[in-house]
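Input: a single structure, listed below in structure tokens.
Values in this document were obtained by computation on a predicted structure and should not be read as measured data. Along the sequence shown, residues carry numbers from 1.
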Amino acid sequence: MKKIFIIVLICSIVCLAIGLTGCGNEFAKQEYNDTEKIAQIEDSYAKDNSVFNPIDGGYSLTVSKFSGRQTLWSKTLEKSAEIEIQFDFSISSGSAKVVYIDCNNNVTVLIECSQNISNEQTATKTVSLTSGLNRLKIVGYNCKDIDLKILFDESHIDSNN
């Protein structure tokens, strides 16, 4: 009897593990438009082969697979300021966007790529940063081959800290 219990227990654990791996990216799809989840300080993501580098005037991100939400940039300001941000963004499949989150956790989509919209975007946005915490996050699901460049001039807001 003890042997049967152990076999059933092992089979249950294996089935549970297999079942959980099959729905690993569903959380990201369900939360893609959930501003409360996106605005959370905590990040939640799964990714493969990721390289995030500072480049002259900004940042570069390449990822082979991505699902979830990840903070790319954050800055706490003593007073409000405006900043111009240039984006070059492409993916081969999936849906992804870069959002701005202000100190009140308001979420604004700055640029978005998907098979339904366009898998390649270039844009320049003027963002009104608020006093307090300001963040940029990438949010996506089932993304493959992300290539993102963010260029901005922080020099006029660096004196704010």
Side-chain angles (χ1 to χ4, degrees), residues 21 23-161:
T21 58
C23 59
N25 293 336
E26 277 304 307
F27 79 96
K29 187 174 184 179
Q30 293 171 356
E31 297 175 0
Y32 186 74
N33 291 310
D34 186 338
T35 56
E36 283 186 35
K37 293 281 188 183
I38 293 169
Q40 291 178 346
I41 295 293
E42 299 82 17
D43 292 337
S44 175
Y45 56 86
K47 64 182 178 178
D48 289 339
N49 302 323
S50 173
V51 178
F52 184 66
N53 285 320
I55 57 174
D56 190 28
Y59 299 96
S60 167
L61 172 70
T62 56
V63 184
S64 65
K65 291 182 182 178
F66 179 82
S67 286
R69 57 190 187 279
Q70 179 182 3
T71 302
L72 301 174
W73 176 87
S74 66
K75 188 94 168 164
T76 301
L77 302 177
E78 291 180 17
K79 57 184 179 179
S80 299
E82 283 198 348
I83 189 169
E84 195 168 90
I85 307 172
Q86 180 182 337
F87 299 94
D88 290 314
F89 193 19
S90 67
I91 60 174
S92 65
S93 66
S95 294
K97 59 188 173 185
V98 176
V99 299
Y100 164 68
I101 305 162
D102 70 12
C103 66
N104 296 313
N105 289 330
N106 296 312
V107 177
T108 305
V109 176
L110 299 176
I111 192 165
E112 187 168 12
C113 286
S114 75
Q115 296 119 319
N116 300 335
I117 299 169
S118 173
N119 63 346
E120 198 168 317
Q121 296 277 327
T122 300
T124 301
K125 301 284 183 166
T126 300
V127 178
S128 297
L129 304 176
T130 58
S131 62
L133 181 62
N134 295 271
R135 297 174 284 152
L136 293 180
K137 279 191 179 188
I138 186 168
V139 181
Y141 64 93
N142 298 329
C143 300
K144 290 186 180 173
D145 303 320
I146 294 174
D147 187 10
L148 172 64
K149 288 181 185 56
I150 303 171
L151 301 172
F152 48 97
D153 179 16
E154 291 187 67
S155 61
H156 66 282
I157 61 171
D158 280 340
S159 61
N160 237 330
N161 287 356

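- Between atom CG of residue L148 and atom OG of residue S60 there is a gap of 7.5 Å, rounded to the nearest 0.5 Å.
- In this structure, K97 forms no cation-pi arrangement with F89, as its terminal cationic atom is not both closer than 6.0 Å to the ring centre and no more than 45° off the ring axis.
- Atom CG of D48 sits about 5.0 Å away from atom OG of S64, to the nearest 0.5 Å.
- I91 and C113 get closest at one heavy-atom pair: CD1-O, 3.5 Å.
- Nearest heavy-atom pair, K137 versus E42, reported as atom, atom and distance to 0.1 Å: NZ-O, 3.5 Å.
- Taking the ring pair (Phe, Tyr, Trp, His ring centres under 6.0 Å) definition, one finds that Y100 meets it with nothing, sequence neighbours left out.
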Under the side chain to side chain contact (heavy atoms under 4.5 Å, CB included) criterion, do T130 and N104 qualify, and how do the steps go?
CA-CA 9 Å; T130 58; N104 296 313; 5.5 Å; no
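- Closest approach of C143 to S95, counting heavy atoms only: SG-O, 3.0 Å.
- Annotation for S80 and S131: closest pair OG-N, 3.5 Å, computed over non-hydrogen atoms.
- Between the S92 side chain and the K144 main chain, a donor and an acceptor come within less than 3.5 Å of each other.
- A search for side chain to side chain donor-acceptor pair (under 3.5 Å) contacts involving K47 returns S50, Q70, not counting sequence neighbours.
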Residue pair V63, I138: steps toward the side chain to side chain contact (heavy atoms under 4.5 Å, CB included) verdict
CA-CA 11 Å; V63 184; I138 186 168; over 6 Å; no
Evaluate the side chain to side chain contact (heavy atoms under 4.5 Å, CB included) criterion for residues Q121 and F87: first the C-alpha distance (whole Å), next the side-chain angles of each, then the deciding distance (0.1 Å), finally the verdict.
CA-CA 8 Å; Q121 296 277 327; F87 299 94; over 6 Å; no
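- Remark: T35 engages V107 in a side chain to side chain contact (heavy atoms under 4.5 Å, CB included) (not counting sequence neighbours).
- Evaluation of the side chain to side chain donor-acceptor pair (under 3.5 Å) rule for T122 yields D88 as partners, not counting sequence neighbours.
- Screening I101, I85, V99, T71 against L136 for a side chain to side chain contact (heavy atoms under 4.5 Å, CB included) leaves a single residue, I85.
- Taking the six-membered ring where tryptophan is involved, the planes of F52 and Y59 are essentially parallel, since the angle between them stays under 30° and well short of 60°.
- Here T124 contributes atom OG1 and L110 contributes atom CG; the two are 11.5 Å apart, rounded to the nearest 0.5 Å.
- In this structure, CG on D102 lies 9.0 Å from CZ on R135, to the nearest 0.5 angstrom.
- For the atom pair I146 CD1 and K65 NZ, the distance stands at 12.5 Å (nearest 0.5 Å).
- Counting heavy atoms from C-beta on, the side chains of S93 and N142 never come closer than 4.5 Å.
- The closest donor-acceptor contact from the side chain of N134 to the backbone of G132 lies under 3.5 Å.
- The line from CG of N105 to CG of L133 is 8.0 Å long, rounded to the nearest 0.5 Å.
- At least one side-chain heavy atom of L151 sits less than 4.5 Å from a side-chain heavy atom of I55.
- Remark: Y45 engages no residue in a side chain to side chain donor-acceptor pair (under 3.5 Å) (not counting sequence neighbours).
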Evaluate the criterion side chain to side chain contact (heavy atoms under 4.5 Å, CB included) for residue pair R69 and S44; output intermediate values, then yes/no.
CA-CA 5 Å; R69 57 190 187 279; S44 175; 3.8 Å; yes
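- In this structure, S90 has no side chain to side chain donor-acceptor pair (under 3.5 Å) partners at least two apart in sequence or on a different chain.
- Minimum heavy-atom separation, S128 to E82: OG-OE2, 3.2 Å.
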